[in-house]
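Below is one structure, written out as structure tokens; the observations come after it.
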Amino acid sequence: MSTEARPERATPSNPVSAPIAGMEEAQAPVEILIVDDRPENLLALEAILEPLGQTIVRAGSGDEALRKLLSHNVAMILLDVQMPGINGFETARLIKSRERTKYIPIIFLTAISKDEEYVFEGYSVGAVDYMAKPFQPDILRSKVNVFVDLYQKQRQLAAQQQLLAEGQRRELELRHTNEIYESEARFSEIVGSAMDAIIAFDADGRITLFNTSAERMFGTSAEVAIASNVRAYFPEPIHQEMLDDVCARADRKTEEADDRPREVEQVLSFIALRPNGEEFPVELTASCLDSRGKRTYTLIVRDISERKRVELEVKAQAESLAKAMTELKALNDELAERQSELERAMAARSRFYASMSHELRTPINAVLGYSTLLLENIYGPLNEKQTEGITRTHKAAKHLLELVNDVLDLSKIEAGKIDLRLQPVTFPALIDDLFVTVRPLADQYGSSLSIEHTGETVKVVSDPRRLRQILLNLLSNAIKFGRGRPIRVRSMPREDGGLVLEVIDQGEGIAPQDRDKIFDEFVQLGKTQLTEGTGLGLPISRRLAEMLQGELEIESVVGEGSTFRLTLPPTADSHPLRNTRAIELDGMNAPKAPVGDLEETDTEAPAGTTISRKPGAGTLR
């Protein structure tokens, strides 16, 4: 603060000697050491302690704090616990080990070390208090003020001890000291709001006090402002009627007939003016101090330009948010409509798959039936060319039937119409049965089949038909693309009663970027992988595994082979979680195709013809 206004006092009738040297120093602001490794915390502590009017000494580490104590006499220390280098506890031990600093009160501040063991350690190293962040600024300020007062009292006591030797002059000096304290108390009351600009002026409007915050706010020095008229800084006139009303309020609140100062505050809004002509909004508190008939007006001014700017920004953001919400609602509506269209399209696709698959089976079965009759020479012998052509036709019809069956299975899964018939399934017995089915295919490709089972026989509750469908598909792929090398099936019980099945081939393997693609519908890789089939076997197998509460995964090394791993739980849920597409379709209002009623029937075969289908027909890929 650059200057101040002090009330005049009557001169005593008796002459008074000059104050003893050192008394003014005894009442000077004390030094408070604050230690924290975070600059923002130091700044916050300074702001909290500023109303006390004391000198703040900052240190960013324990080492710096020890160096500061060599050149400063501090009244107390606010010490952070968690710091790099030496922490707060170690710093406190070093401070207490020095004779010069061992009696300085220490208050620990921490946001992390709040456990009782840390609190106990804080007190054990000599702390007088241990406060956890966040804390109430008023509480911290009050505690600090107690130690500051204690320190000042100690200094005062030392001065008073010197005054004891003065004899008759002691009483006079004490009275003089009390007058100084009274003046300091009035002055500290004003400085208590020093975060804001403080301007004091007399009844004529002549400025008598212009603090540092006012200098920053108005962009002028106290030397220029002092003795100038306060109305030069407020284009909106501060009417005398307003000032009189402020003092009248004080008179109504304090009607005792004594000489005690009377004060009252009133919040006002004004437009302030800087010397360069720039105007800015402020809020101010106007107070009237009437001491012995002399009025002093005090303005505590706060620049609210930033608040106004933020209010405008918040308003603009609110408007922008409202606009964005409107746009978002429109997008959500559009998305919901598109999702509804997609669901209808998927439902239509499933109905189409189911209907067309069912309708296509009739002519395909007829082709298969008649070609079988021709190959068995029912209608007479065939020459070599005719046999070759009919054989190709029969093979193509079987492949087409497999595709239709796969599409039908996929349609059932997506429509949620797969019914699981759960019953105990024994391993490795099921795998042995499957080997009987696929052995002709293995012999055709020159691959041997072997099974490796660990431990005793394992039973899991699952759907044997769907397990056969999954394993037949995996074995078929391993045989076709295993390059004629041995095929192994590994069966490993799990601790929870489940089972892990691995189908291992020594084929050319699958590249990492293609491992997820093979589980997509109608995807067939190049010559190193699936070159035959419909591209639906693995996708259907993975979905069936998920419906059985299991998992189907792949591990593959290019050039070495692939391992398909089927993990089964001890018991499959009788109401398995359906895949995402099935869930979406189940939520539609569109009618479902009656795929659940479709069965694999053979129609329009020639009379007297029996068409046999091996177990798992249409599932080998």
Side-chain angles (χ1 to χ4, degrees), residues 319-364 399-420 466 469-470 473 513-525 530 533-554 573-601 618-619 621:
E319 294 175 353
S320 176
L321 182 60
K323 181 179 179 182
M325 290 295 293
T326 302
E327 294 175 353
L328 181 60
K329 184 178 182 302
L331 290 175
N332 285 339
D333 293 342
E334 182 180 354
L335 181 61
E337 179 61 28
R338 291 185 178 182
Q339 181 179 2
S340 178
E341 293 176 358
L342 178 61
E343 290 172 349
R344 289 193 295 270
M346 293 178 66
R349 187 193 69 173
S350 296
R351 293 195 302 272
F352 172 77
Y353 282 171
S355 176
M356 293 306 298
S357 298
H358 187 267
E359 295 299 327
L360 287 173
R361 290 162 60 91
T362 299
I364 293 173
H399 179 72
L400 183 58
L401 183 61
E402 291 176 3
L403 175 61
V404 172
N405 288 336
D406 286 345
V407 171
L408 183 60
D409 283 344
L410 182 63
S411 176
K412 287 181 179 180
I413 293 174
E414 289 189 340
K417 294 295 185 179
I418 292 290
D419 293 327
L420 299 180
R466 299 304 175 185
Q469 185 174 350
I470 296 171
N473 178 74
Q513 64 271 18
D514 294 329
R515 291 173 192 168
D516 290 333
K517 296 180 182 178
I518 62 173
F519 293 105
D520 294 336
E521 294 88 348
F522 302 106
V523 172
Q524 293 177 304
L525 303 183
L530 304 181
T534 63
L536 291 174
L538 288 176
I540 291 176
S541 296
R542 169 169 277 188
R543 295 193 189 186
L544 289 175
E546 292 173 353
M547 294 182 69
L548 295 172
Q549 304 300 292
E551 294 180 353
L552 180 58
E553 301 171 317
I554 180 176
D573 191 351
S574 58
H575 300 285
L577 295 174
R578 296 171 181 171
N579 57 70
T580 304
R581 295 185 182 179
I583 293 174
E584 292 175 350
L585 290 171
D586 286 345
M588 299 178 188
N589 293 324
K592 304 287 192 303
V595 294
D597 298 328
L598 297 179
E599 299 293 339
E600 299 182 2
T601 57
T619 62
R621 311 290 178 265

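Index from 1, following the sequence. If you're wondering where the values come from, they're calculated on a predicted model, not measured in any experiment.
- To the nearest 0.5 angstrom, S541 atom OG is 10.5 Å from I518 atom CD1.
- Salt bridge E337/R344: present, at least one basic N to carboxylate O contact under 4.0 Å.
- Checked by atom type and distance alone, the side chain of T326 pairs as donor or acceptor with a backbone atom of A322 at under 3.5 Å.
- Between the side chain of R542 and the backbone N or O of F519 there is no donor-acceptor pair closer than 3.5 Å.
- Residues L548 and I470 are in side-chain contact: their nearest non-hydrogen atoms beyond the backbone lie under 4.5 Å apart.
- In terms of the salt bridge (charged side-chain N to carboxylate O under 4.0 Å, His left out) criterion, E341 has no residue partners (sequence neighbours excluded).
- For the side-chain hydrogen bond (donor to acceptor under 3.5 Å, both in side chains) test, residues two or more places apart in sequence or in another chain that qualify with E334 are R338.
- In this view, D333 and K329 satisfy the side-chain hydrogen bond (donor to acceptor under 3.5 Å, both in side chains) rule, not counting sequence neighbours.
- Separating the CG atom in L552 from the CG atom in L544 is a distance of 10.0 Å, to the nearest 0.5 Å.
- Atom-to-atom distance recorded for M325:CE and S320:OG is 12.0 Å, nearest 0.5 angstrom.
- Between the CE atom of M547 and the CG atom of L420 there is a distance of 5.0 Å, given to the nearest 0.5 Å.
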Full working for side chain to side chain contact (heavy atoms under 4.5 Å, CB included) between Q469 and I540: CA-CA 9 Å; Q469 185 174 350; I540 291 176; 3.9 Å; yes

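- Between N473 and G537, the closest heavy-atom pair is OD1-CA, 3.5 Å.
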